[in-house]
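Encoded as structure tokens, the structure appears first; notes follow it.
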Amino acid sequence: MARRFVLKRDTHTPQPSLSIDYAGELNPQQYAAATAPGGPFLVIAGAGTGKTRTLVYRVAYLVETGTAPEHIVLLTFTRRAAREMLTRASTLLDGRCQQVRGGTFHAFCLNLLRRHAPKLGLEHHFTILDAADAADVIDVLRTAQGFHKAKKRFPRKKTLYTMFSASTNRERPLADILEARYPQFVDYLDDLLALKLEYQSYKQRHSLMDYDDLLAGTLRLFEQHDDVRGQVAAMCRYVLVDEYQDTNRLQADLVRQFASVHGNVMAVGDDAQSIYRFRGADFRNIFTFPDHFPETTVLKLEHNYRSTQPILDFANHVLQRAHRKYEKQLFTEAKTTGDLPALVPAPDTRFESRFVTQVILQLREQGVPLHRAAVLFRSGFNSYDLEVELNRRNIPFVKYGGLKLSEAAHIKDVLSHLKVVENPKDAAAWNRILQLLQGIGPRTAHDLIEWITSATGDPFTLEDRPYSPRYVESLKRLFETLRAVRAPDVLLVEQVEAIVQYYEPICTRIHYEDYPKRLQDLEHFITLADTFRSRADFLSSLALDPIELSALDGEPLDDDELPLVLSTIHSAKGLEFHSVFIIHALDGVLPSGYSFKDEDALDEELRLLYVAITRAEENLFISYPMVQYRRYHGDYLAKPSRFLDGVPEALLEPWQLVEDPTPALPETAPKAIPEPASSPNPVPEPASTPTEVPETPDDGLPF
């Protein structure tokens with residue numbers, strides 16, 4: 001046995017001089033988190049408490065105290081968030097902070113898998129299936145195995161993809177997923193297991209990976225090659241994880257693997273803002289973090305810099321109903337008190353819409369720009385009536401929570417051409433572009449794909465084969481375009497321009513009713529491509545960080561003002577507004593009727609309301625229609641959200657809508673705000689000049 005010699009702690013080691021006054025720049029809670037020593041830390045960061053600021057200073061502090069920036073890993077849920085933090089840290093300290101390895105879990109894992117793909121039997125240039133493409137692949141396999149002819153209803157492609165994805169990212173057997181969420185398909189368990197296995201085999205044969213494979217594949221790489229895990233973990237001297245409450249089981253496992261050598265991990269999140277269970281997020285991860293890292297120190301950020309104290313008091317009260325939570329009390333030291341949040345029952349949906357538009361117009365006259373107000377709702381259809389009223393009043397608005405750029409059919413068509421250039425074995429992309437050609441249907445496309453993907457030479461060269469004259473010329477033009485694009489000296493933007501030029505006649509021929517707008521989208525798409533260095537980076541970015549179509553259309557006309565924001569609550573997380581309206585606060589809507597018998601689901605609905613409340617800075621209005629209409633049943637008396645039951649009037653002020661008895665004013669003039677039951681001035685002048693609204697987190701472009 002080796003003889004031990006104990007080195008005494010060197011008490012004379014000089015501390016590095018710090019260029020940043022961390023104690024002066026941060027509040028005591030933020031300072032404790034930003035300057036924490038090594039080891040595991042869980043930071044419970046309440047809404048509006050400066051979480052991002054704390055992480056930025058944490059990065060700067062680690063770099064300034066001697067940690068090599070390339071040994072710091074900052075994991076976020078959008079590349080844009082990571083880029084913003086590192087840019088701010090560089091501004092705060094210096095350019096070394098840009099060398100920190102930051103990005104999404106999926107992007108970080110993709111980089112690892114690119115380097116080690118052969119160890120998993122994949123080619124380095126494997127391509128990524130987005131959710132829609134993955135569902136299409138499953139549909140092909142579903143049809144090939146004859147499940148579309150089943151006597152009993154068999155799951156459709158999107159349901160199948162959701163099942164398989166849930167099984168993977170929640171690390172639960174498919175049988176458990178069926179029993180919990182799809183009991184109507186339990187009898188098909190054996191067939192579904194076989195189909196899932198064939199889906200995995202298909203991806204392996206064609207060098208494809210879907211979103212879940214990026215995470216599960218990295219874990220499999222670590223399990224099968226411990227030397228790789230050790231090398232990666234050794235480089236991760238400090239692991240910082242943002243929005244930890246939104247991680248799924250795979251991501252929590254990956255955090256443990258990344259921190260397995262040094263054990264220096266800081267997870268930052270808020271259990272009260274865990275609202276993405278439908279995407280696979282597991283709120284339990286934030287509660288079990290201390291179990292997986294036994295020496296965890298729990299820190300809290302509770303000093304709120306966003307909302308008035310009455311809004312925070314209401315938010316704190318709402319959260320007390322949660323069955324499982326970290327105790328915290330949001331507070332502010334702002335000198336202005338602010339008005340109480342308002343509870344506004346409306347006779348029906350039409351009255352509710354009139355109320356919202358009239359208040360918005362009066363706020364606008366008082367100096368609150370339209371874009372500093374937001375109307376939030378549980379589901380997209382909850383705003384339909386309001387949209388009609390806004391259009392009638394000529395109030396511009398933008399709605400979030402809709403289609404992504406890479407989900408639009410014309411963009412997917414162009415992307416599929418790029419995908420086969422990058423990975424000629426991508427059968428899903430081949431299937432899409434071949435069927436764009438006249439005369440080629442599913443069967444012919446299948447035969448062509450079999451030949452193309454099995455070719456040993458150039459996959460874009462036509463051999464002497466008996467092609468049908470119906471499509472041989474169009475097939476030649478396609479292959480000529482792909483060969484030209486694949487040339488090594490062609491820039492990415494030139495590749496996209498060539499494909500768009502080839503595709504434009506096809507787009508017109510398909511007879512999209514709005515094809516002029518789609519062609520305009522393609523012009524934007526070319527501009528977007530010009531910001532990327534390589535085809536692989538471009539495809540990966542669009543697959544991992546989809547961009548909302550509204551991001552292309554949302555710029556106001558030169559002579560108009562920035563629009564009012566309409567948004568689902570899920571899409572509004574992370575944003576803040578001067579005035580917030582939460583509409584349709586009904587039982588069965590918020591909370592959803594599907595959550596009534598599930599305590600965890602009901603808790604998530606409560607957290608959804610909490611997230612909506614904490615978006616507001618100065619004004620908060622919660623409204624609901626007292627009468628609803630249901631098809632075949634007619635009008636019925638609706639019930640307000642159970643989350644509002646028993647809230648004292650000292651926290652939530654009841655308002656009463658009263659019709660103005662005076663003759664109606666012209667439509668262009670704003671109507672007066674209905675007076676509340678107990679306040680003659682329901683909408684005060686803003687206490688300060690409105691600040692600029694943050695940009696929408698659109699899972700934007702990579703670094």
Side-chain angles (χ1 to χ4, degrees), residues 158-159 162-163 165-166 170 177-184 245-246 248 270-284 314-315 317-325 343-346 348-349 352 374-387 399-402 566-573 580-615 620-633 636-647 652:
K158 289 185 178 179
T159 304
T162 303
M163 288 177 181
S165 177
R170 299 182 187 189
I177 301 298
L178 293 179
E179 184 177 351
R181 300 176 59 187
Y182 306 98
Q184 68 272 32
Q245 78 281 351
D246 293 333
N248 60 32
D270 184 4
D271 57 296
Q273 297 188 70
S274 179
I275 59 173
Y276 295 118
R277 189 167 76 151
F278 69 97
R279 295 181 186 170
D282 191 338
F283 77 99
R284 290 169 293 192
F314 177 47
H317 177 85
V318 166
L319 199 59
Q320 289 304 310
R321 293 175 179 259
H323 294 90
R324 191 175 184 184
K325 59 185 177 295
L343 179 63
V344 188
D348 57 26
T349 303
E352 183 181 35
V375 182
L376 307 182
F377 33 84
R378 177 65 177 80
S379 301
F381 60 82
N382 296 144
S383 69
Y384 288 168
D385 188 82
L386 175 62
E387 292 172 43
K399 185 174 180 179
Y400 291 101
L566 307 187
S567 177
T568 62
I569 301 172
H570 287 100
S571 295
K573 183 174 174 292
V580 168
F581 300 80
I582 303 173
I583 63 173
H584 263 58
L586 294 168
D587 224 38
V589 176
L590 183 64
S592 165
Y594 294 107
S595 68
F596 288 172
K597 296 181 180 180
D598 183 339
E599 185 177 283
D600 287 344
L602 201 58
D603 260 12
E604 178 156 315
E605 295 291 309
L606 180 71
R607 296 193 293 267
L608 199 61
L609 176 60
Y610 174 86
V611 167
I613 292 168
T614 53
R615 300 311 93 200
L620 175 64
F621 306 91
I622 302 177
S623 63
Y624 65 90
M626 293 184 286
V627 174
Q628 285 274 79
Y629 174 81
R630 183 179 296 161
R631 191 179 181 188
Y632 304 125
H633 296 276
Y636 69 96
L637 194 62
K639 182 179 183 297
S641 171
R642 64 188 62 192
F643 299 148
L644 304 176
D645 290 346
V647 179
L652 185 61

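Keep in mind that this is a model prediction, so the values were computed, not measured.
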Backbone of [Y] reached by a side-chain donor or acceptor of [X] within 3.5 Å:
X: Thr568; Y: Ser571; result: yes
X: Ser592; Y: Val589; result: no
X: Gln273; Y: Gln245; result: no

Would you mind reporting whether [Y] and [X] have side-chain heavy atoms less than 4.5 Å apart?
X: Leu606; Y: His323; answer: no
X: Met163; Y: Leu178; answer: yes
X: Tyr182; Y: Ile177; answer: yes

Let me confirm one number: the [atom1]-[atom2] distance from [X] to [Y], rounded to the nearest 0.5 Å.
X: Thr614; Y: Leu620; atom1: OG1; atom2: CG; value: 9.5 Å
X: Arg284; Y: Ser274; atom1: CZ; atom2: OG; value: 10.5 Å
X: Thr349; Y: Asn382; atom1: OG1; atom2: CG; value: 9.5 Å
X: Leu566; Y: Tyr384; atom1: CG; atom2: OH; value: 12.0 Å
X: Ile569; Y: Arg378; atom1: CD1; atom2: CZ; value: 7.5 Å

Is [X] atom [atom1] crowded by more than 12 heavy atoms from other residues, nucleotides or ligands, each under 6.0 Å away?
X: Lys325; atom1: NZ; value: yes
X: Phe278; atom1: CZ; value: yes
X: Gln184; atom1: CD; value: yes

Could you please spell out the steps behind the side-chain contact (heavy atoms from CB on, under 4.5 Å) verdict for Leu590 and Phe377?
-> CA-CA 8 Å; Leu590 183 64; Phe377 33 84; over 6 Å; no
Could you tell me which residues satisfy side chain to side chain contact (heavy atoms under 4.5 Å, CB included) with Ser595, sequence neighbours excluded, listed by chain and number?
-> Pro591, Ala601, Leu602, Glu605
Using the test side chain to side chain contact (heavy atoms under 4.5 Å, CB included), find all partners of Ala180 that sit at least two apart in sequence or belong to another chain.
-> Arg172
Can you sort out the partners of [X] under ring pair (Phe, Tyr, Trp, His ring centres under 6.0 Å), two or more places apart, ordered by chain and number?
X: Phe596; result: none
X: Phe581; result: Phe621
X: Tyr276; result: His570

Show the nearest heavy-atom pair for residues [X] and [Y], with the distance to one decimal.
X: Ile583; Y: Ser383; value: CD1-CA, 4.3 Å
X: Asp603; Y: Ala322; value: OD1-CA, 3.7 Å
X: Glu352; Y: Ser623; value: OE2-OG, 2.7 Å
X: Pro625; Y: Asp348; value: CB-C, 3.5 Å
X: Leu376; Y: Arg615; value: CD1-CG, 3.9 Å
X: Met626; Y: Leu637; value: O-CD1, 3.4 Å

For the pair Arg277 and Asp600, evaluate side-chain contact (heavy atoms from CB on, under 4.5 Å) and give the outcome as yes or no after the intermediate values.
-> CA-CA 10 Å; Arg277 189 167 76 151; Asp600 287 344; 3.8 Å; yes
Note: Asp587-Arg642 ion pair, threshold 4.0 Å (strictly below) | yes
May I ask you to say whether Lys573 pairs ionically with Asp270, meaning some side-chain N is under 4.0 Å from a carboxylate O?
-> no
Residues Val580, Ile613; criterion side-chain contact (heavy atoms from CB on, under 4.5 Å); working and verdict | CA-CA 8 Å; Val580 168; Ile613 292 168; over 6 Å; no
List the steps, then state whether side-chain contact (heavy atoms from CB on, under 4.5 Å) holds for Ile622 with Phe643.
-> CA-CA 12 Å; Ile622 302 177; Phe643 299 148; over 6 Å; no
Sequence neighbours excluded, the answer for salt bridge (charged side-chain N to carboxylate O under 4.0 Å, His left out) partners of Arg181 is none
